[in-house]
2 protein chains.
Amino acid sequence: MAMTHQQDLKSVFTTKDLNFKPAAKITKKDLNAGVTKAEYAVRGAIPTRADELKEELKRKPGVLPFDDIINANIGNPQQLDQKPLTFTRQVLSILEYPEILRVGPDKLASLNLFRKDALGRAEHLLEDIGGSIGAYSHSQGVPGIRQSVAEFITKRDDGEPAAPENIYLTTGASSAATSLLSLLCKDVQTGLLIPIPQYPLYTASASLFNAQVLPYYLDEGSNWSTKSDEIEKVVKDALEKGIKPSVLIVINPGNPTGAVLSEDTIAKICLIAAKYGIAIISDEVYQENVFNGVKFHSMKKVLRKLQRLYPGKFDNVQLASLHSISKGFMGECGQRGGYMEVVGFSKDIRDALFKLMSISICSVVTGQAVVDLMVKPPQPGDESYDQDHSERMKIFHEMYTRATLLHETFNELEGIECQKPQGAMYLFPRLVLPEKALRESERLGIEPDEFYCTSLLESTGICTVPGSGFGQQPGTYHVRTTFLAPGTQWIQDWKHFHQDFFNKYRD
Amino acid sequence: MAMTHQQDLKSVFTTKDLNFKPAAKITKKDLNAGVTKAEYAVRGAIPTRADELKEELKRKPGVLPFDDIINANIGNPQQLDQKPLTFTRQVLSILEYPEILRVGPDKLASLNLFRKDALGRAEHLLEDIGGSIGAYSHSQGVPGIRQSVAEFITKRDDGEPAAPENIYLTTGASSAATSLLSLLCKDVQTGLLIPIPQYPLYTASASLFNAQVLPYYLDEGSNWSTKSDEIEKVVKDALEKGIKPSVLIVINPGNPTGAVLSEDTIAKICLIAAKYGIAIISDEVYQENVFNGVKFHSMKKVLRKLQRLYPGKFDNVQLASLHSISKGFMGECGQRGGYMEVVGFSKDIRDALFKLMSISICSVVTGQAVVDLMVKPPQPGDESYDQDHSERMKIFHEMYTRATLLHETFNELEGIECQKPQGAMYLFPRLVLPEKALRESERLGIEPDEFYCTSLLESTGICTVPGSGFGQQPGTYHVRTTFLAPGTQWIQDWKHFHQDFFNKYRD
């Protein structure tokens with residue numbers, strides 16, 4: 001059979017047809033330089049090495065000084081200890097297979113599998129969605145789910161109203177950010193104000209869309225706080241250099257810092273946006289992850305208050321706020337859902353955004369359903385409420401306990417200084433490395449924090465990301481770790497590694 | 001409470017702070033021109049108008065000359081008649097809520113909800129995925145699922161081997177295409193060879209990534225066939241103008257034409273790629289949708305045969321082939337899954353592609369699972385096989401019957417000429433409009449085919465897309481319709497509209 005086929009193809013070409021010299025392949029220099037330049041350390045060299053080590057452990061157990069890789073490089077709760085919320089998953093299970101609804105609640109009750117409120121919620125969502133999660137939705141997202149999001153925001157923001165037409169359901173917050181930035185990055189004169197340290201999606205996007213990074217440094221000394229004076233200084237410097245600061249990116253709670261912005265700081269950021277006509281992207285994906293009595297305030301709430309307080313002064317502010325199902329209590333990273341709320345932009349810009357989103361047709365519909373479940377969890381009195389509530393408390397408690405233990409452990413050690421955890425899923429301690437370690441890293445041709453993280457990985461299997469992947473003040477070195485990995489043994493392992501490292505390289 | 005908050009914010013600013021003139025907002029001229037220029041008619045003006053009419057029907061039933069909107073503008077099977085495959089959805093339901101596995105097969109059997117092979121498959125997939133579909137996967141996709149895809153391709157391509165390391169799981173084929181094109185579009189001298197008519201994702205991407213569209217026209221007279229001479233002519237013209245033809249896009253089976261490429265034609269396309277060093281993107285998302293005894297041949301299979309047949313002549317060919325869960329028997333559009341197979345590219349290009357994909361972390365994991373189910377359906381002897389097989393036959397039969405009826409209906413009418421359906425989900429008949437209709441459209445300031453499609457929508461509720469949205473030979477007019485809408489009444493409605501339209505505008 002294969003023989004015959006080859007015979008057939010033989011008759012396609014004449015000898016003359018085949019008398020050509022095959023051309024050179026496309027090489028790296030033929031590619032979009034924006035893409036080749038972009039960097040994303042969260043899944044960069046060290047996590048890639050961790051994957052190799054994991055394979056090695058599978059092939060030859062016992063050959064390495066550790067038994068498993070601890071992935072502390074990425075906020076991926078369900079890869080580690082966090083169990084999905086039962087109510088969420090019951091509803092999703094029914095959405096995938098609505099035949100479950102036809103069995104009847106009594107027969108189902110005998111299995112103790114699906115609670116009645118989950119059945120009801122799934123039925124309601126299926127109706128909103130139009131009957132099947134296998135159909136493309138409206139490019140902006142299912143209208144009923146956008147309505148739920150608007151109600152959630154209104155309640156969260158002490159009654160400041162939100163409207164479903166301003167909500168866009170997205171494939172996680174990453175795709176929201178890249179859609180917005182691909183639209184707002186006009187050319188190489190466009191400047192993006194990005195906090196440093198930052199989640200590297202933002203600097204990567206600046207590279208992808210050929211914009212200028214305008215870094216504003218967060219103040220490590222005061223728990224990584226945001227100084228509006230510093231931002232304004234960067235704006236003025238950029239304008240002098242002929243760069244238009246178009247977008248101000250804020251991450252609140254911060255990634256990798258965990259810092260949570262006060263209302264005052266947010267107001268000052270709005271003032272800069274109003275004064276200079278800069279659009280704000282407020283990445284608020286960790287809004288549920290706040291500890292130690294800290295309260296989260298959304299950019300939108302503060303903006304609305306300012307607009308009422310100072311009529312005419314803040315009406316020009318253009319704001320897109322991002323949220324995600326990947327973090328907080330859901331931790332549903334793999335389901336890829338999120339939303340953005342877009343206010344203050346003109347109709348032609350909103351039309352362009354809609355068109356851009358329509359080119360990829362719609363975000364994943366199950367992810368949209370998870371957004372609905374995130375913003376409308378079971379309420380007291382609902383059948384699933386008690387279980388759901390206790391599952392959430394467990395998640396909160398475990399994360400908080402580990403964050404605290406890790407923070408304390410770091411601050412007991414020499415050469416490592418860690419700010420108090422306020423939010424998000426990360427600690428970003430500073431490494432004060434001895435000269436000998438700096439010289440060794442120079443000899444190896446890598447950054448000192450990369451040297452530390454590589455050594456940590458090779459010795460203990462703990463995979464982290466060096467501060468250079470997020471940006472840091474020149475001459476300072478950090479490491480980002482999640483506090484999601486289960487148990488405390490890995491924290492002890494890290495402690496011993498750190499002590500050995502310092503014993504080896506102490507000056 | 002709100003009052004207090006406002007008081008608080010009042011103390012943030014001094015009068016001097018507030019002594020500023022709010023800056024101008026960002027306007028359309030400040031945006032990325034590539035985005036504002038891009039066009040995507042599949043969800044453009046006519047579908048947007050259809051959404052408005054749908055709302056109007058809800059608000060005031062009976063006010064329009066029809067009772068419902070027939071969405072024939074987009075290949076969205078589950079929005080219309082197509083039921084999801086039972087086996088697929090049983091497995092997905094379990095993946096969302098693995099507690100189902102703990103109930104035990106006997107108890108479950110009493111409900112007749114989940115077949116044993118679905119339980120087994122879900123268990124196996126969960127293991128591959130690492131325990132939870134709520135965790136981010138590897139950025140290239142779950143290794144075990146990439147293995148399934150490689151096995152599927154090998155079998156489909158008569159034994160030409162595929163390797164899991166060349167497979168990338170993606171959020172639908174659209175995101176695969178845009179990732180590739182964002183990488184391969186270097187600058188404004190980059191040319192993309194795009195068939196005309198085409199699925200408008202490709203011209204939109206050329207606009208987004210600032211590349212040149214190099215259109216090659218398909219031959220309507222011979223059932224929309226692809227002429228390699230035409231492509232080579234376009235390549236030579238581009239080179240003369242200083243444009244580098246970097247990527248050749250092939251859609252097989254064609255969208256919107258339905259044309260299926262022969263092995264000979266594919267071989268000739270490979271020859272052009274080899275001769276001029278052009279990378280191929282072969283969009284093969286409709287590979288299951290072929291009718292009338294036509295056989296689908298993949299670009300990759302033919303390439304591998306040529307490489308064996310003519311050593312050294314075709315080794316430089318760089319090919320990315322796309323597939324999707326949105327079409328074919330799955331029709332799982334809303335679940336957003338797909339894969340690309342990438343062969344012939346150098347390591348540095350593959351590394352750049354991987355980095356680009358890692359910036360958005362991973363595609364939706366349930367979508368990845370649907371890819372696995374698409375490429376590894378139940379086999380004869382499996383418990384679910386009979387039902388699965390008969391569901392597939394029903395889908396095939398209904399689509400084929402409607403395609404045939406629609407084709408016949410068009411060809412009975414004056415002023416509309418339709419090629420015989422071979423594949424995909426669309427017909428793309430040519431409208432031969434009378435002078436009076438052309439003058440009327442000119443008076444209205446719209447394209448003649450837009451005028452026809454708008455009139456069709458306003459009269460019957462049938463939503464289609466004008467040929468101008470896909471590209472067509474200048475002076476010709478077409479309409480693209482899916483053949484997915486249930487029943488035959490809408491086909492009769494269209495027929496009567498068409499006759500009335502011609503009676504009104506006949507010269």
Side-chain angles (χ1 to χ4, degrees), chain A residues 2 6 9 12 20 22-26 28 30-32 35-36 40 43 76 78-79 84 89-90 92-93 96-97 103 111 132-136 139 158 171 174 182-183 185-186 204 264 267 274-277 279 305 309 313 316 318 332-336 348 352 356 358-360 364-366, chain B residues 2 6 9 12 20 22-26 28 30-32 35-36 40 43 76 78-79 84 89-90 92-93 96-97 103 111 132-136 139 158 171 174 182-183 185-186 204 264 267 274-277 279 305 309 313 316 318 332-336 348 352 356 358-360 364-366:
Chain A
Q6 288 193 26
L9 279 180
V12 179
F20 69 91
K25 282 191 182 195
I26 290 169
K28 201 173 174 182
D30 302 313
L31 301 179
N32 178 350
V35 177
T36 47
Y40 185 74
R43 288 213 159 168
N76 192 7
Q78 292 189 29
Q79 183 192 31
R89 292 305 195 87
Q90 286 189 359
L92 289 168
S93 181
E96 288 286 5
Y97 192 46
V103 173
L111 294 183
S132 174
I133 53 156
Y136 293 127
S139 295
D158 307 329
T171 305
S174 300
S182 78
L183 186 64
C185 292
K186 186 187 182 189
D264 288 9
K275 204 163 158 183
Y276 297 94
K305 286 187 185 182
L309 206 54
K313 285 290 180 192
N316 64 335
Q318 300 153 98
E332 293 282 8
C333 301
Q335 308 252 18
R336 313 306 282 125
D348 49 357
L356 185 62
S358 77
I359 292 174
S360 54
V364 54
V365 179
T366 41
Chain B
Q6 287 192 29
L9 279 180
V12 178
F20 70 91
K25 281 190 182 195
I26 291 170
K28 200 172 172 180
D30 301 313
L31 302 178
N32 177 350
V35 176
T36 49
Y40 184 75
R43 290 213 158 166
N76 192 7
Q78 292 188 29
Q79 183 192 32
R89 291 302 196 90
Q90 287 190 359
L92 288 168
S93 182
E96 288 285 4
Y97 192 45
V103 173
L111 294 183
S132 175
I133 54 156
Y136 293 127
S139 295
D158 307 330
T171 305
S174 299
S182 78
L183 185 66
C185 292
K186 185 188 183 188
D264 287 10
K275 204 162 155 183
Y276 297 95
K305 284 188 187 183
L309 207 53
K313 284 289 180 193
N316 63 335
Q318 298 152 101
E332 295 280 11
C333 300
Q335 309 250 18
R336 315 305 282 128
D348 48 0
L356 185 62
S358 77
I359 293 173
S360 53
V364 55
V365 178
T366 42

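Every chain is numbered from 1, with letters handed out A, B, ... down the list of sequences. Since the model is a prediction, treat every value here as computed from it, not as a measurement.
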Colleague: In terms of heavy-atom pairs under 4.5 Å, which option from B:Asp264, B:Leu92, B:Thr171 contacts chain A the most?
Modeller: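 Maximum pair count with chain A is reached by B:Leu92.
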Colleague: How many angstroms lie between atom NZ of A:Lys305 and atom CG of B:Leu9, to the nearest 0.5 angstrom?
Modeller: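 So the NZ of A:Lys305 and the CG of B:Leu9 are separated by 5.5 Å.
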Colleague: Taking the side chain from B:Lys313 and the backbone from A:Phe20, do they hold a donor-acceptor pair closer than 3.5 Å?
Modeller: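 Flag set: sc B:Lys313 to bb A:Phe20 pair under 3.5 Å.
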Colleague: Top residue by heavy-atom pair count (under 4.5 Å) with chain A, among B:Val365, B:Val35, B:Leu356?
Modeller: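 The answer is B:Val35.
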Colleague: Any donor and acceptor pair, going by atom type alone, linking the side chain of B:Asn76 with main-chain N or O of A:Tyr136 inside 3.5 Å?
Modeller: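 Between the backbone of A:Tyr136 and the side chain of B:Asn76 there is a qualifying donor-acceptor contact (under 3.5 Å).
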Colleague: Not counting sequence neighbours, which residues clear side chain to side chain contact (heavy atoms under 4.5 Å, CB included) with A:Thr36? List them please.
Modeller: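 Counting only residues at least two positions away or on another chain, A:Thr36 forms a side chain to side chain contact (heavy atoms under 4.5 Å, CB included) with A:Lys28, A:Leu31, A:Ala33, B:Ala352.
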Colleague: Just to verify, which of A:Gln335, A:Arg89, A:Gln79 counts as forming a side-chain hydrogen bond (donor to acceptor under 3.5 Å, both in side chains) with B:Ser132?
Modeller: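 Single side-chain hydrogen bond (donor to acceptor under 3.5 Å, both in side chains) partner of B:Ser132 among A:Gln335, A:Arg89, A:Gln79: A:Arg89.
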Colleague: For chain B, which of A:Ala274, A:Pro22, A:Ala135, A:Ser139 has the most heavy-atom pairs under 4.5 Å?
Modeller: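 Top count of heavy-atom pairs under 4.5 Å with chain B: A:Ala135.
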Colleague: About how many Å separate NZ of B:Lys186 and CG of A:Asp30, when rounded to the nearest 0.5 Å?
Modeller: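 Reported value, rounded in 0.5 Å steps: 6.0 Å.
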Colleague: To the nearest 0.5 Å, what is the distance between OH on B:Tyr40 and OG on A:Ser360?
Modeller: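 With rounding to 0.5 Å, OH (B:Tyr40) is 8.5 Å from OG (A:Ser360).
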Colleague: Where the side chain of B:Ser93 meets the backbone of A:Ser93, is there a donor-acceptor pair that is under 3.5 Å apart?
Modeller: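 Flag set: sc B:Ser93 to bb A:Ser93 pair under 3.5 Å.
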Colleague: Out of B:Lys25, B:Glu332, B:Gln90, return the one with the most heavy atom pairs under 4.5 angstrom to chain A.
Modeller: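 If we count pairs closer than 4.5 Å to chain A, B:Lys25 comes out on top.
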Colleague: For B:Asp348, check side chain to side chain donor-acceptor pair (under 3.5 Å) against everything at least two apart and list the hits.
Modeller: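 Partners of B:Asp348 by the side chain to side chain donor-acceptor pair (under 3.5 Å) criterion, ordered by chain and then number, come out as B:Ser346.
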Colleague: So which residue, B:Ala279, B:Ser358, B:Ser174, B:Ala24, ends up with the most heavy-atom pairs under 4.5 Å with chain A?
Modeller: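 Between B:Ala279, B:Ser358, B:Ser174, B:Ala24, the count favours B:Ser358.
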Colleague: Donor-acceptor check, side chain of B:Asn316 to backbone of A:Ala23, threshold 3.5 angstrom: yes or no?
Modeller: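 Yes; at least one donor-acceptor contact below 3.5 Å.
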Colleague: Compare every heavy atom of A:Ala204 with every heavy atom of B:Ile359, then report the nearest pair and how far apart it is.
Modeller: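 Looking at all heavy atoms of both residues, the shortest contact is CD1-CB, 3.8 Å.
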Colleague: With a 4.5 angstrom heavy-atom cut-off, is it the side chain or the backbone of A:Ala267 that approaches chain B, or both, or neither?
Modeller: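 For A:Ala267, backbone and side chain are both near chain B.
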Colleague: Identify the two heavy atoms, one from B:Gln78 and one from A:Gly134, that lie closest to each other, and give their separation to 0.1 Å.
Modeller: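 Heavy atoms of B:Gln78 and A:Gly134 come nearest at OE1-CA, 3.2 Å.
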Colleague: Whether the side chain of B:Gln318 engages the backbone of A:Ile26 through a donor-acceptor N/O pair (distance < 3.5 Å, no angle test) should be reported.
Modeller: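 Pair found, side chain donor or acceptor close to backbone of A:Ile26.
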Colleague: Non-hydrogen atoms of chain B under 4.5 Å away: do they reach the side chain of A:Val103, the backbone, both or neither?
Modeller: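 For A:Val103, side-chain heavy atoms alone lie under 4.5 Å from chain B.
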